[in-house]
**Q** 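Okay, handing you the structure first.
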There are 2 protein chains.
Amino acid sequence: MARTPQDVTETELSILQLLWDEGAATIRHLTERLYPGGGTSKYATVQKLLERLEEEQLVRRDRSGSAHTFQALINREELIGRRLRTVAEQLCGGSLTPLLTHLVRTRKLSDQERRELRSLIEELESDKRKSPRSN
Amino acid sequence: MARTPQDVTETELSILQLLWDEGAATIRHLTERLYPGGGTSKYATVQKLLERLEEEQLVRRDRSGSAHTFQALINREELIGRRLRTVAEQLCGGSLTPLLTHLVRTRKLSDQERRELRSLIEELESDKRKSPRSN
DNA sequence: GCAATATCAGGCAAAATGTCTTAGCTTCTC
DNA sequence: GAGAAGCTAAGACATTTTGCCTGATATTGC
């Protein structure tokens, strides 16, 4: 049978990371960063990667300039969300809650982390009070 | 270049799920459940899958009986942990905390979920008080 | 006009993965 | 004890992903 395509490959991710860090960029710029001193072939590699990322709607290509410019259409948080959702679907019947409790239980939070988390939740609780939309 | 192997394939996962639900099992049993009425070929498929799972140390094979018996060496929680760690490594510099806050922020917890989470944290806090091992 | 630089199109090899065939044992049954 | 049935081991295979590269063609800049 077929290979299950990966959400975002590690190599693709390295491109996204760059776009996140440096904003919109040209192929050349990305190539220079990713494969410093890389020649024509590396350039083409990055080009192909971007082409595929564009297909997957993860990157937008701006064709106006003489050299195309690329920018990420997804940010880190969103990608994290996608990944977590995948895990939840495959292992928790789609619910994210088990992931949450897993992290809280397993993670050995430091005192500070626990405090932060706690205040985050309290914050949410007061938000909720202001706009009670019980979901 | 090469393909990055997936931690656990969806098909492999379906086998693990069965082993989790039904405990140790033979190839035949698993085949019957996974591909009801599947013939020799499906049997061989499951066989190969198990062989690979054994290689990956995710399943233990008991060769004593006339038909080998298989049992999972990893449970659901552990697999969740692996997956989360992978996400953290690739997207959060290895720290799981961002995942935690992402979930709390994004998740639109229901009232009840929030309450549960809160008490879970409080529970941890009292545990901590009993054995203060500040990490 | 020429050289540099871009894009486009397509090929390629290595590896993953699910599937299947076959051969050779062991075990059960009559 | 012979034949059938079930089991394991070994390996072939097709399909697909994925990172990488080449060559042709178009565009830009001077």
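First the proteins, then the strands, lettered A, B, ... as listed; each starts at 1.
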**Q** Should B:R61 be listed as having a side-chain N or O under 4.0 Å from OP1 or OP2 of D:dA9?
**A**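 So the side chain of B:R61 is within the cut-off, an N or O lying under 4.0 Å from OP1 or OP2 of D:dA9.
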
**Q** For B:L19, does its backbone N or O pair with a side-chain atom of B:E22 as donor and acceptor, under 3.5 Å?
**A**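 Absent.
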
**Q** Heavy atoms from C-beta onward define the side chain here; which of C:dA16, C:dT19, D:dC7 lies closest to that of B:P5?
**A**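 The answer is C:dA16, which lies nearest to the side chain.
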
**Q** Taking NZ, NE, NH1 and NH2 as the nitrogens, is one of them in A:R118 or A:E122 under 4.0 Å from a carboxylate oxygen of the other?
**A**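 Answer for the salt bridge query: yes.
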
**Q** In residues 18-37 of chain A, what residues come within less than 4.0 Å of DNA chain C, judged by heavy atoms?
**A**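 Hits under 4.0 Å, by residue number: A:I27, A:R28.
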
**Q** Do side-chain atoms of A:W20 reach the backbone of A:I15 as a donor and acceptor pair under 3.5 angstrom?
**A**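 A pair under 3.5 Å: no.
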
**Q** Hey, are A:E77 and B:R105 close enough for a salt bridge, meaning a charged N less than 4.0 Å from a carboxylate O?
**A**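 Looking at A:E77 and B:R105, the cut-off is not met.
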
**Q** Might you work through the salt bridge (charged side-chain N to carboxylate O under 4.0 Å, His left out) test for A:R63 and A:E54, ending with a clear yes or no?
**A** CA-CA 12 Å; A:R63 295 164 198 270; A:E54 190 190 6; 3.1 Å; yes

**Q** Round to a whole Å and report the spacing from CD of B:Q6 to P of D:dT17.
**A**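 Rounded to whole Å, this separation is 11 Å.
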
**Q** Round to the nearest Å and state the distance from A:E55 atom CD to C:dC8 atom C1'.
**A**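 Interatomic distance, CD of A:E55 to C1' of C:dC8: 13 Å.
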
**Q** For B:K48 and B:E51, what are the C-alpha separation, side-chain angles and deciding distance, and is it a salt bridge (charged side-chain N to carboxylate O under 4.0 Å, His left out)?
**A** CA-CA 5 Å; B:K48 179 65 74 183; B:E51 184 184 317; 3.7 Å; yes

**Q** Let me have the donor-acceptor pairs involving side chains of residues 79-100 of chain A, under 3.5 Å, with sequence neighbours excluded, atom names and distances please.
**A**
{"from": "A:R82", "atom 1": "NE", "to": "A:D7", "atom 2": "OD1", "distance (Å)": "3.2"}
{"from": "A:R82", "atom 1": "NH2", "to": "A:D7", "atom 2": "OD1", "distance (Å)": "2.6"}
{"from": "A:R83", "atom 1": "NH1", "to": "A:D7", "atom 2": "OD2", "distance (Å)": "3.3"}
{"from": "A:R83", "atom 1": "NH2", "to": "B:Q90", "atom 2": "OE1", "distance (Å)": "2.4"}
{"from": "A:T86", "atom 1": "OG1", "to": "A:R82", "atom 2": "O", "distance (Å)": "3.0"}
{"from": "A:Q90", "atom 1": "OE1", "to": "B:R83", "atom 2": "NH2", "distance (Å)": "2.4"}
{"from": "A:S95", "atom 1": "OG", "to": "A:T97", "atom 2": "N", "distance (Å)": "3.2"}
{"from": "A:S95", "atom 1": "OG", "to": "A:T97", "atom 2": "OG1", "distance (Å)": "3.4"}
{"from": "A:T97", "atom 1": "OG1", "to": "B:E113", "atom 2": "OE2", "distance (Å)": "2.7"}

**Q** In residues 39-53 of chain A, which residues come under 4.0 Å of DNA chain C by heavy atom?
**A**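 Close to the strand are A:Y43, A:Q47, A:K48.
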
**Q** For the hydrophobic clusters of this structure (ILVMFWY residues joined by side-chain heavy atoms under 4.5 Å, transitively), does one cluster hold both A:Y43 and A:V59?
**A**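 In one cluster: yes.
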
**Q** Send over the distance from A:E10 CD to C:dA16 C1', rounded to a whole Å.
**A**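 Rounded to whole Å, this separation is 15 Å.
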
**Q** D:dA26, OP1 or OP2 - any side-chain N/O from A:R63 closer than 4.0 Å?
**A**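 Looking at the OP1 and OP2 atoms of D:dA26, neither is under 4.0 Å from any side-chain N or O of A:R63.
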
